[in-house]
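Single-structure report; data block below.
Just so you know, ligand 1 is whichever comes first in the structure, and atom 1 is the first atom listed for that ligand.
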Amino acid sequence: MTAERERSVVEAVPKGLFIGGNWRDAGGNATLSVEDPSTGTTLCDVADATPDDAIAALDAAAGAQQSWAETAPRERGEILRGVFDLMNERADDLALLMTLEMGKPLAEAKGEVSYAAEFFRWFSEEAVRIDGRWSVNPAGSGRLLTMKHPVGPCLLITPWNFPIAMGTRKIGPAIAAGCTMVVKPAQQTPLSMLLLASLLQEAGLPDGVLNVVTASSASKVSAPLFDDARLRKVSFTGSTPVGKKLMEQASQHLLRMSMELGGNAPYLVFGDADLDHAVDQAVIAKMRNIGESCVAANRFHVHESVADEFASRLAERLGGMKVGRGTDDGVEVGPLIDDDQRSKVAELVDDAVGKGAKVLTGGEKVGDRGYFYAPTVLAGIPDDATLLREEIFGPVAPVKTFSTDREAIDAANDSEFGLVAYVFTRDLQRAIRVMEGLEVGMVGLNRGLVSNPAAPFGGVKESGFGREGGAEGIEEYLYTKYVAVDL
Ligand code: NAP
């Protein structure tokens, strides 16, 4: 990858706010810097929105709402299908931008672009399947009619870890359902979203349907939107503490909410599991996205009969992974997003080691430039290690043993989070018992990856509520109206 190619892809991205179909500067011309986490250097500056800019974005969304809701579903679907094609045509640019601003290896960034685009294809097909019900009143006289309507203007807030996919799985169903929106991407990774917005414009999305505000203070631009009764829904992907704050703010106008929050995924390996396969999948479940994923395996609970073998094989695999800048050939592990995140990972490892855990590989920062941390496997994890309870969000795999199925299920559920769990066993009855006993929104059965645009993604407990993707995804953007028909 040449420096010239990197410069040209960054230069080509519009850096303004996207409001009402226009690209414009922020009020007061303020800007914020976007950093390359592999070097700590500035890539470029983008507009830093004011609260008034955010209200202007909501003005545009509210102004476009009625005509967008009345636009034929097929037309809404065709636009989504058009962006799906454009994303695939521009996949190399989108992926490179994402690698530059977020750090993930280029091959993974390409994977995310393809995954993200699939949400648009999926929801292009769902746009024409919004239906209602017609039934006979049980008493015989009268009929019951239900119909679906778009909820109205939405605020979509996305995190930095999957800068495009976390956007498309909200934007896709919102467009399909006939909702307009204000999108607030994470300040660390705005470039991918800005390029995506320009592709949506190119695909013919009418002005005002999608508006993007980039800002250095998320709370300053979102607070006035929560105060404005024209906003009807918030879909948030991010950390649980921020999600809780937003729920309080949403109570003012009783907004519809979807909350995709933090995780603490248990990865259960039973004694009868295919160990080769469990290790292969563990590498994916742990190391995809440098471990900075809400569905990353956070703690490995392994039956005592195979735990040592599993841990040493996993350590061999993770220890052999190439760490480096995501644009370099063969790199499998990029930098963490910033120094704070790397320090948090280091603290969690130090805490576990201080309490008696053993480092099988890694356990240290890498290099003196950028925010790299070595892929790490820890064994002999004590019960009071903080990383069993907190989301690590980094390339660290703690391995703990269990002896009975009951113990494994209880350990898996011993968390305030409930997003996903992974289960490895060849025993069908055990698989069913364990799946039924887990307090989570998703299970990977002999699979380390569950994400799929055709499936309902989401959690329970403090991992949030609402589902993205699948047939359920569009329901988050629709409300049901019931009509009592006299007959
Ligand atoms: P975060 O700090 O909660 O930020 C997420 C988004 O919320 C960013 O756009 C952020 O803006 C914005 N934000 C922060 N404070 C806000 C406030 N007071 N009002 C309005 N918006 C606010 O989370 P993160 O560190 O970016 O992302 C990591 C978290 O996301 C992890 O916990 C991960 O598990 C979770 N996640 C969940 C899923 C899922 O589907 N369940 C998927 C991916 C990630 P700024 O960038 O300006 O701070």
Discussion item. I'd like to know if Lys104 pairs up with Glu112 as an ion pair, taking the criterion as any Lys NZ or Arg NE/NH1/NH2 lying under 4.0 Å from an Asp or Glu carboxylate oxygen.
Written reply: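 Judged by the 4.0 Å cut-off on N to carboxylate O distance, Lys104 and Glu112 do form a salt bridge.
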Fill in: Modelled atom types, side-chain donor and acceptor of Thr50 and Asp52, under 3.5 Å
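No, because no side-chain N or O of Thr50 sits under 3.5 Å from a partner of the opposite role on Asp52.
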Worksheet item: Any chance the side chains of Asp48 and Ser216 put a donor and an acceptor closer than 3.5 Å?
Response: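 Yes - a donor-acceptor pair under 3.5 Å links their side chains.
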Worksheet entry | Atom CE of Met247 with >12 non-hydrogen neighbours under 6.0 angstrom |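 Open.
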Discussion item. Taking non-hydrogen atoms within less than 4.0 Å of ligand 1, which protein residues qualify?
Written reply: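 Those residues closer than 4.0 Å to ligand 1 by some heavy atom are Ile157, Thr158, Pro159, Trp160, Asn161, Met166, Arg169, Lys184, Pro185, Ala186, Gln187, Ala218, Ser219, Ser222, Phe236, Thr237, Gly238, Ser239, Val242, Leu246, Glu260, Leu261, Gly262, Gly263, Cys294, Glu391, Phe393, Leu419, Phe457.
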Worksheet entry | Partner residues of Ala218 under the side-chain contact (heavy atoms from CB on, under 4.5 Å) criterion, sequence neighbours left out |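 In terms of side-chain contact (heavy atoms from CB on, under 4.5 Å), with neighbours along the sequence ignored, Ala218 is linked to Lys184.
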Discussion item. Does the plane of the ring in Tyr267 sit parallel, tilted or perpendicular to the ring in Phe310? Use 30° and 60° as the thresholds.
Written reply: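 Tyr267 vs Phe310 ring planes: tilted.
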